[in-house]
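All values derive from a computational prediction rather than experimental measurement.
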Amino acid sequence: MKLTRHNARRAGLMMSSALCMAAMAGAANAAEAAAADTADGSATVSELVVSMAKTTRSAVSLETVEIQKILPGVSPLKAIQALPGVMLQTADPWGNNEQNEFLFVHGFSTQQLGYTLDGVPLGDQQYGNYNGLSPSRAITSENVARVVLSSGAGDLGTASTSNLGGAIDTFSSDPQAERSGRIQQTFGSYDTHRTFLRLDTGVFGDGNSAYVSGLNQDQRAWDFNGHQRGYQFNGKFIHEGEAGKLTVFLDYNDKVEPNEDSIVHVAGEKSAPYTRPFLYPNLAAALAYLGANGAPPASAGSNFSNYHSAAQRTDQIGYVKYEAKLSDTMTWSNQAYFHHDEGRGIVAGPINQAGLPALFAVYYPGQDLKTVFGGTGYAVRTTEYLINRGGLISTFNWTLGDHRIEAGAWFEQNNSSTQRAWYPFAEANHDLTPYDIPVNKNFAQYASQIHNNVFQYHLQDQWRIRPDLLLQAGFKGSLQYAQGKVPIQQKNLATNTNPTLLPTGEIDTKEYFLPQVGAVWDATEHEQVFFNIQKNLRQFVTYGAGGLSPWSLGSQAAFDLFKKTANPETSWTYEAGLRTKRALELGPITGVEGQLSAYHVDFSDRLLQISSTPVIGSLVAGAAILANVGAVKTDGVDLAATLHFGPHFAFYDALSYNRSIYQDNYVTGASSTVVHTAGKSVPASPDWLNKFVLSTSWGAFNGQLTGDYVGKRYATYTNDLSVKATFLIGLEGSYDFDLATGGPLKTAKVSLNVTNLADEKGVSSLVVGAASGAYNTYPIPPRQVFVTLSGSF
């Protein structure tokens, strides 16, 4: 049998389903610890969001119980959508599809934030892989212990080169103290099945414990016939002794995400499709869709359909960490990690659209292009990725009287490569699907390689000035040494006076002093006041074929000009706030906990890719350039609180206001056109967000109703176009069965989740790429229903 990706995944599904059946026959999944019992035997409502006490910055945590309530198996990034100041939009309910995942925190976008797993850097989450992977690829959702959002400024020791506007830290759960197992099976809309199995050894030997887990998931896309599928394995081992703690974590993930294309919108449009699905697997319809020369219908315009597209990703990531107890006052933690990724983005599309005929004619002059690519009118384009990176993180802590001194360093070496290649699409290739790896390459359009070394260090002191007052001060340094090579350059016509050639060369950026100061004051027994001031830096992107990367510029001259004139993006963040947690006797309200924070950000040296002006064109032959185009000032307030109404009801609400304004105009194009962005709002980031969760708990039953309001969003840099506000409602309910009667089953649980309960339509992810007149969108997924059976043994 030919072992394609499809067959491999089918085998993985059969394996995991068999494990599921076997385990369900003799056991079931361990339910999460129940909430504290009240006098009448019923459970109290759990706290949705935990404010990180004793921190000098705004930091909130979402624990595993609440993460899995949102939707069992949900991505850690999708889960934090409930946190204040966060807007995360995806076109699937799990948050797994990275192509249409867009995240904003306090006006900063996805690639301007930092991400870690147990301290290990996960890169900047760019869809084009080059320095990391998504949290959902790094760890199975059910193994996440908590996710911590530091909105505005992450810890000085956060291992990230993109931590400009905050950090999102995911933490894995530890092995259970007792030998046990968990199994979880989800079924639902669009042929969803998700199987999770975890086995814990319990404590054995002299302080050892471990677990292994397996996952298989498959869900058909709601608007086209593609299946988001894959499998994942996690393992964690801990040894705790008097001298210290050893932790080993391993993750293997292999998945395919068929993608829908974004919908193109233009000013004055009469209508635009709500979705833009691909045509697979209806090959007959796909062949009839194209003209004789491989062109899509002119009536479709930019919103034509491809035959299929997908993201294929295979990752292995792991770490070894030892936390040594040098004395009662000194600890030294050392962590080594690795990450290997092989992946590709695949698009099977018409050969006669955009500038493809001119490109293909360079490689096949005078030939019939339809014949060259297999006779169907389609060709397969891949963007192929390879990442090999590893690093070391070392942190020393010393408690010296009223001082807690911390010093740390992080080093990473990353070798990444990107290749664009074209393959034939022949009608005889019946196995050429979104799940297969193309073969018999026609030609490689380009290939780039980037070798990158990063070194960061930090030093800080937490000084307990008095029992109720803590002062923290410190700094970090960030150094990056990146060198790019281009083994394969794109061919160009001899008459082309402005050839597109990826540049080569090295860029070293060094920022030795990024300061931070903050304080926490226990104003009362129940309230804390905090403030924090911090400078952050985003190092240049080291992606060789796209994004805001110097190595994606279209000429060597543009690269050399950038190297001489551009600065990394930086920000100064000022924040202050109040935390509270207290019992109340205010009518039906019996308790409250929450956090109020206000912030101001000065964001400098914003980078944008623009068309060159005549002055610049005399230097770089008219190629597009990457340039600093000014500053952004941001002001905002977050208020998140949970009100308790006795033991059975609680209401959580997070209200956020953010105003991020461009401070400068910029010049672009051959006619030196001034783009009037000064005074305009940062697009795609709404001014207003509001999230609520109404929770109830009655013994074994738990339920919650959620709401997510996203305000109006501008869709261009000049704010001439916008998309309407949206409001989505979700519903969750679960029931725990206590089966501890001496049999093999300990607990069992059934959960129901309904996303987009009112079946609202509108814009989910918004893609901004133009100063005015145009933008792209992805739609809101429709109502979907999921049922999860879980248990423990």
Locate the shortest heavy-atom distance separating [X] from [Y]; write the atom from each residue and the value.
X: Gln125; Y: Pro135; answer: OE1-CD, 3.3 Å
X: Leu103; Y: Ile168; answer: CD2-CD1, 3.7 Å
X: Asp664; Y: Gly630; answer: OD2-CA, 3.2 Å
X: Leu62; Y: Ala79; answer: CD2-O, 3.3 Å
X: Pro568; Y: Thr509; answer: CG-CG2, 4.1 Å
X: Gly123; Y: Tyr115; answer: O-CD1, 3.3 Å

- [ ] Show your working on side chain to side chain contact (heavy atoms under 4.5 Å, CB included) between Ile610 and Tyr666 and close with a plain yes or no.
- [x] CA-CA 9 Å; Ile610 60 176; Tyr666 66 90; 3.6 Å; yes

If you measure only the distance, is there a donor-acceptor pair under 3.5 Å linking the side chains of [X] and [Y]?
X: Ser327; Y: Thr329; answer: yes
X: Asn452; Y: Gln413; answer: no
X: Glu575; Y: Ser597; answer: no
X: Thr634; Y: Ser660; answer: yes
X: Thr331; Y: Trp398; answer: no
X: Gln539; Y: Ser162; answer: no
X: Ser478; Y: Glu511; answer: no
X: Glu63; Y: Ser61; answer: yes
X: Asn143; Y: Ser173; answer: no
X: Asn100; Y: Ser765; answer: no

Does the distance from a Lys or Arg side-chain N to an Asp or Glu carboxylate O, for [X] and [Y], drop under 4.0 Å?
X: Asp720; Y: Lys680; result: no
X: Lys633; Y: Asp602; result: yes
X: Glu593; Y: Arg579; result: no

Task: Residues that Thr90 engages under side chain to side chain donor-acceptor pair (under 3.5 Å), provided they are two or more places apart - done: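 Testing Thr90 for side chain to side chain donor-acceptor pair (under 3.5 Å), a comparison that skips the adjacent residues, returns Lys78.
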
Open item on the list: I want to check a possible cation-pi pair here: Arg389 against Phe338, using under 6.0 Å from ring centre and within 45° of the ring axis as the test.
Closed with: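 No, cation not above the ring by the 6.0 Å, 45° rule.
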
May I ask you to test the [X]-[Y] pair for a side-chain heavy-atom distance under 4.5 Å?
X: Tyr599; Y: Ser151; answer: no
X: Val517; Y: Asn532; answer: no
X: Ile387; Y: Asn131; answer: no
X: Ser656; Y: Pro84; answer: yes
X: Leu608; Y: Tyr717; answer: yes
X: Tyr657; Y: Pro686; answer: no
X: Leu553; Y: Gln609; answer: yes
X: Gln462; Y: Leu470; answer: yes

Would you check if the side chain of [X] reaches a backbone N or O of [Y] as a donor-acceptor pair within less than 3.5 Å?
X: Glu525; Y: Arg582; result: no
X: Ser549; Y: Val541; result: yes
X: Gln595; Y: Gly577; result: no
X: Tyr457; Y: Tyr512; result: yes
X: Asp605; Y: Glu569; result: no
X: Thr158; Y: Asp155; result: yes
X: Arg713; Y: Val763; result: yes
X: Gln112; Y: Gly107; result: no
X: Lys535; Y: Phe475; result: no
X: Asn334; Y: Ser394; result: no

Spacing of [atom1] belonging to [X] relative to [atom2] belonging to [Y], to within rounding of 0.5 Å:
X: Ile393; Y: Glu412; atom1: CD1; atom2: CD; result: 8.5 Å
X: Phe531; Y: Leu578; atom1: CZ; atom2: CG; result: 15.0 Å
X: Asp708; Y: Gln89; atom1: CG; atom2: CD; result: 7.0 Å
X: Thr161; Y: Phe540; atom1: OG1; atom2: CZ; result: 12.0 Å
X: Asp468; Y: Asp522; atom1: CG; atom2: CG; result: 6.0 Å
X: Leu643; Y: Phe651; atom1: CG; atom2: CZ; result: 8.0 Å

- [ ] Go through Lys476 and Asn536 one step at a time and tell me if the side chain to side chain contact (heavy atoms under 4.5 Å, CB included) criterion holds.
- [x] CA-CA 9 Å; Lys476 71 176 180 180; Asn536 288 306; 4.0 Å; yes

Task: Stepwise side chain to side chain contact (heavy atoms under 4.5 Å, CB included) test for Ile661 and Val632 - done: CA-CA 5 Å; Ile661 303 297; Val632 181; 5.8 Å; no

TODO: Please state whether the rings of Phe603 and Phe108 are parallel, tilted or perpendicular, taking 30° and 60° as the class boundaries.
DONE: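 Rings of Phe603 and Phe108: tilted, 30 to 60°.
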
Task: Check: Phe249 ring centroid to Tyr337 ring centroid under 6.0 Å - done: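 Not close enough - the centres of the two rings lie 6.0 Å or further apart.
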
TODO: Examine Trp551 together with Phe559 and report whether their ring centres are nearer than 6.0 Å.
DONE: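 Centroid separation for Trp551 and Phe559: below 6.0 Å.
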
Task: Inter- and intrachain pairs under salt bridge (charged side-chain N to carboxylate O under 4.0 Å, His left out), touching residues 103-113, at least two apart - done: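 Residue pairs with at least one partner in residues 103-113: there are none.
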
Task: Among Asn658, Asp638, Asp635, the one residue meeting side-chain hydrogen bond (donor to acceptor under 3.5 Å, both in side chains) with His106 - done: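 Only one option passes, and that is Asp638.
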
Open item on the list: Given Gln516, which partner from the list Gln534, His458, Gln472 fulfils the side-chain hydrogen bond (donor to acceptor under 3.5 Å, both in side chains) test?
Closed with: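 That would be Gln472.
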
Open item on the list: Using the rule given for side chain to side chain contact (heavy atoms under 4.5 Å, CB included), can you reason through Phe102 versus Leu766, listing the C-alpha separation, both sets of side-chain angles and the distance that settles it, and then say yes or no?
Closed with: CA-CA 8 Å; Phe102 289 84; Leu766 171 60; over 6 Å; no

Open item on the list: Applying side chain to side chain donor-acceptor pair (under 3.5 Å) to Tyr130 and Asn414, what does each step give before you reach the verdict?
Closed with: CA-CA 9 Å; Tyr130 78 100; Asn414 180 19; over 6 Å; no

